[in-house]
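Keep in mind that the numbers below use all heavy atoms, side chains included, and drop hydrogens, waters and symmetry copies.
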Amino acid sequence: MSLESLNALKQLTQVRQQGQQIQEQNLQQVNNEVQQTGTSEAQRVDQLNLETAKAEYEMALHQAKVETLQKKLERDHLATQLSFGIMIGVAALSAGDFIWNTAKDLSGDRYLNDQSQRQKTEGIDPNSARTVTVRRDGTDATDNYTFSSNSDNSQTIYLTSKGGSDSVSGDVRAATITRDDIKQKLQEKGYIDENGNLTEKGKKEFADILKKKGITSENFDELDIGIQDMLLSGNSSLREAFEELFNDKSHTILKSEVGNYLDAIGNSRPSEINMDDVKENLKARGLYKSDWKKIGDGFKATWNNLVTLADNTIPFLQAFLAAQERERETAEELQAALEKLAAAKKKVDELKQILINVGGDGLGN
């Protein structure tokens with residue numbers, strides 16, 4: 001073989017070796033790049049999984065808060081409804097009391113320091129009112145009993161006292177006395193027995209009354225004996241028996257009784273009593289007021305009733321408004337929590353979608 005052929009063969013061998021080295025280098029580079037790419041992708045997937053887990057955890061927290069706020073809103077709404085119902089109930093009751101008390105105040109039926117209205121007597125019919133004057137022994141003073149019969153056979157009586165100076169003075173009293181009340185008092189005095197028949201003592205005491213009336217019966221239930229008969233009897237013991245009975249049954253006249261009392265006194269026109277003196281006596285005891293004074297007190301009482309109405313209802317109104325405000329705040333807080341939950345859900349969905357399409361454009365490639 002010639003020298004040139006050997007050189008050519010040597011060159012060819014070198015070229016082949018170089019080509020093989022280049023191929024091996026290229027292959028190694030490709031393997032390295034593939035390995036690097038796989039590692040990077042795995043890291044990115046792990047990072048996505050971690051972010052997804054965190055996002056799901058945040059979504060669970062928001063979901064729990066939403067459920068808590070929903071239950072709280074239900075309780076707040078119930079509290080608002082209950083507060084409203086209580087407020088309406090109290091307002092209705094207070095309004096009823098206001099109307100009732102105002103009507104009573106304007107009519108004069110309810111005043112401070114007045115006695116119980118349960119003591120109130122049945123009003124006298126002024127057209128049938130009568131006044132019997134009983135003079136106190138040895139003086140010019142008189143007790144004037146104004147009375148009339150009621151539908152149940154009881155009698156309403158007003159007592160007006162007049163001193164020796166011809167002026168009306170002292171306590172004005174009122175009472176309702178039934179026939180049973182009279183019968184019981186006469187039994188206590190021994191004038192009638194347990195069967196209602198007049199005793200010997202009773203026959204003696206009632207003799208002038210029985211004779212005057214032409215009554216022969218000895219049974220009290222059959223005798224037409226009333227207050228006027230006892231007051232006008234010639235026997236002081238009967239008048240004393242009635243006075244005891246009246247004192248037991250009577251009370252200081254109520255302001256709600258004053259109008260009927262004045263009408264009865266004015267209509268019976270007792271000669272011993274001057275109406276101006278009667279009114280002055282009542283006025284001195286705070287039982288009588290002029291029409292203008294009544295109107296002024298009526299408006300004052302109405303204002304006081306309004307203040308009472310407000311005092312009774314305002315606390316419940318405030319409680320209702322506070323409950324309503326709490327419900328509003330909870331509703332706003334729930335709305336904000338729902339918005340955060342929706343955002344968290346959206347983030348989880350996006351991360352899951354990226355994981356599905358890992359390696360695509362979703363990774364930013």
Here the gap from Lys120 atom NZ to Ser256 atom OG, rounded to the nearest 0.5 Å, amounts to 4.0 Å
Looking at Lys352 and Glu56, does any basic side-chain N land under 4.0 Å from a carboxylate oxygen?
-> yes
Linking I/L/V/M/F/W/Y whenever their side-chain heavy atoms sit closer than 4.5 Å, directly or via other members, would Phe242 and Tyr191 fall into one cluster?
-> yes
Would you find more than 12 non-hydrogen atoms of other residues, nucleotides or ligands less than 6.0 Å from Glu325 atom CD?
-> yes
Salt bridge or not for Glu280 and Lys283, using N-O below 4.0 Å?
-> yes
Result for side chain to side chain donor-acceptor pair (under 3.5 Å) between Tyr158 and one of Asn260, Thr131, Asn144, Thr146 points to Asn260
Looking at CD of Gln155 and CG of Asn150, how far apart are the two atoms once the value is rounded to the nearest 0.5 Å?
-> 8.0 Å
In short, Glu122 meets Ser151 closest at the heavy-atom pair OE2-OG, 4.2 Å
Any residue meeting side chain to side chain contact (heavy atoms under 4.5 Å, CB included) with Gln63, in chain and number order, not counting sequence neighbours | Glu67, Leu341, Lys345
Heavy-atom pair of closest approach, residues Ser154 and Asp152 | OG-OD1, 2.5 Å
Please report the closest heavy-atom contact between Leu73 and Ala331, naming both atoms and the distance.
-> CD1-N, 3.9 Å
For Leu61, check side chain to side chain contact (heavy atoms under 4.5 Å, CB included) against everything at least two apart and list the hits.
-> Tyr57
Kindly compute the distance separating CG (Leu232) from CZ (Arg239), expressed to the nearest 0.5 Å.
-> 9.0 Å
Can you list the residues that meet the side-chain hydrogen bond (donor to acceptor under 3.5 Å, both in side chains) rule with Thr176, with sequence neighbours excluded?
-> none
Kindly write out the residues that satisfy side-chain hydrogen bond (donor to acceptor under 3.5 Å, both in side chains) with Thr199, not counting sequence neighbours, or none if the list is empty.
-> none
Got a sec, which residues hit ring pair (Phe, Tyr, Trp, His ring centres under 6.0 Å) with Phe147, two or more places apart in sequence or on another chain?
-> none
Knowing that exactly one of Met230, Lys185, Gln184 qualifies, which makes a side-chain contact (heavy atoms from CB on, under 4.5 Å) with Leu245?
-> Lys185
List in chain and number order the residues that pass side chain to side chain contact (heavy atoms under 4.5 Å, CB included) with Glu332, two or more places apart in sequence or in another chain; answer none if no residue qualifies.
-> Arg328
Heavy-atom closest pair (His62 atom, Ala344 atom, distance to 0.1 Å) is CD2-CB, 3.8 Å
Does Lys203 have any side-chain hydrogen bond (donor to acceptor under 3.5 Å, both in side chains) partners at least two apart in sequence or in another chain, and if so, which?
-> Glu200, Glu218
If every non-hydrogen atom of Ser148 is compared with every non-hydrogen atom of Ala129, which pair is closest and at what distance?
-> CB-CA, 4.3 Å
Partner set under salt bridge (Lys or Arg N to Asp or Glu O under 4.0 Å) for Lys340, not counting sequence neighbours = none
Residue pairs passing the salt bridge (charged side-chain N to carboxylate O under 4.0 Å, His left out) test with at least one member in residues 171-182, sequence neighbours excluded, are Asp171-Arg173, Asp181-Lys249
List in chain and number order the residues that pass ring pair (Phe, Tyr, Trp, His ring centres under 6.0 Å) with Phe246, two or more places apart in sequence or in another chain; answer none if no residue qualifies.
-> Tyr145
Leu262 and Leu282, any side-chain heavy atoms less than 4.5 Å apart = yes
Does the side chain of Phe206 reach to within under 4.5 Å of the side chain of Leu186, using non-hydrogen atoms?
-> yes
So, does Asp193 use its side chain to make a donor-acceptor pair with the main chain of Gly196 at under 3.5 Å?
-> yes
Do Glu244 and Lys189 pass the salt bridge (charged side-chain N to carboxylate O under 4.0 Å, His left out) test, and can you show the C-alpha distance, the side-chain angles, and the key distance before you say yes or no?
-> CA-CA 11 Å; Glu244 290 178 11; Lys189 291 291 185 179; 2.9 Å; yes
With sequence neighbours excluded, what pairs up with Asp125 under the side chain to side chain contact (heavy atoms under 4.5 Å, CB included) test?
-> Asn127, Ser128
Is there a donor-acceptor contact under 3.5 Å from the side chain of Glu205 to the main chain of Leu238?
-> no
Which atom of Ala175 lies closest to which atom of Ser250, heavy atoms considered = CB-CA, 3.5 Å
Kindly write out the residues that satisfy side-chain hydrogen bond (donor to acceptor under 3.5 Å, both in side chains) with Ser236, not counting sequence neighbours, or none if the list is empty.
-> none
Do Asp277 and Lys162 sit within salt-bridge range, that is, some charged N less than 4.0 Å from a carboxylate O?
-> no
